[in-house]
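Bear in mind that the values here come from a model prediction, so they are computed numbers and not experimental data. Throughout, numbering of the chain's residues begins at 1 and tracks the sequence.
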Amino acid sequence: MLAEEKAAASRFFAIMAGLIGAAGVVVTVWMLAQNGGMFPGLKPWLAALAATVANALCLPFVAGYWHTAGKPAGARWLMITQGLGLLAFGLAYLANLSS
């Protein structure tokens, strides 16, 4: 792969991860700012679900950036924290499923 192609792919992955992450933050904050409506206890779960979906959509782009940018340590730590976030949501979901 040419260096220019690698740099272009790296920029694409970084831009897409940034856009998806920003959209996830906006949707999560918007959901938290809404009034409770008929189901006020559902609001934090919907916000957490929006953040988790954005996290899951962003993770492949961060992995692509990590691979094409020469495996920088910052991207590796971001992937680790994203994986931990997905794991935490999954565990919280399973814990509330049984209650």
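Applying the side chain to side chain contact (heavy atoms under 4.5 Å, CB included) criterion to Ile80, with sequence neighbours excluded, gives Arg76, Trp77, Leu84. With sequence neighbours excluded, the residues forming a side chain to side chain contact (heavy atoms under 4.5 Å, CB included) with Pro72 are Tyr65, Trp66, Ala69, Ala75, listed by chain and number.
In the hydrophobic clustering of ILVMFWY residues, with side-chain heavy atoms under 4.5 Å counting as a link, Val62 and Val53 come out apart.
Listed by first and then second residue, the side chain to side chain donor-acceptor pair (under 3.5 Å) pairs involving residues 8-26 amount to none (not counting sequence neighbours). The stretch residues 43-58 participates, sequence neighbours left out, in these side chain to side chain donor-acceptor pair (under 3.5 Å) pairs: Asn55-Gln82.
In this structure, CG on Leu86 lies 10.0 Å from OG1 on Thr81, to the nearest 0.5 angstrom.
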Would you list the atom pairs, donor with acceptor, under 3.5 Å between side chains in residues 15-32 and any protein atom, with sequence neighbours excluded?
| unit_1 | atom_1 | unit_2 | atom_2 | d |
| --- | --- | --- | --- | --- |
| Thr28 | OG1 | Gly24 | O | 2.7 |
| Thr28 | OG1 | Ala51 | N | 3.4 |

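Using the six-membered ring where Trp is involved, Phe61 and Phe12 have ring planes that are perpendicular, over 60° apart on the 30 and 60° scheme.
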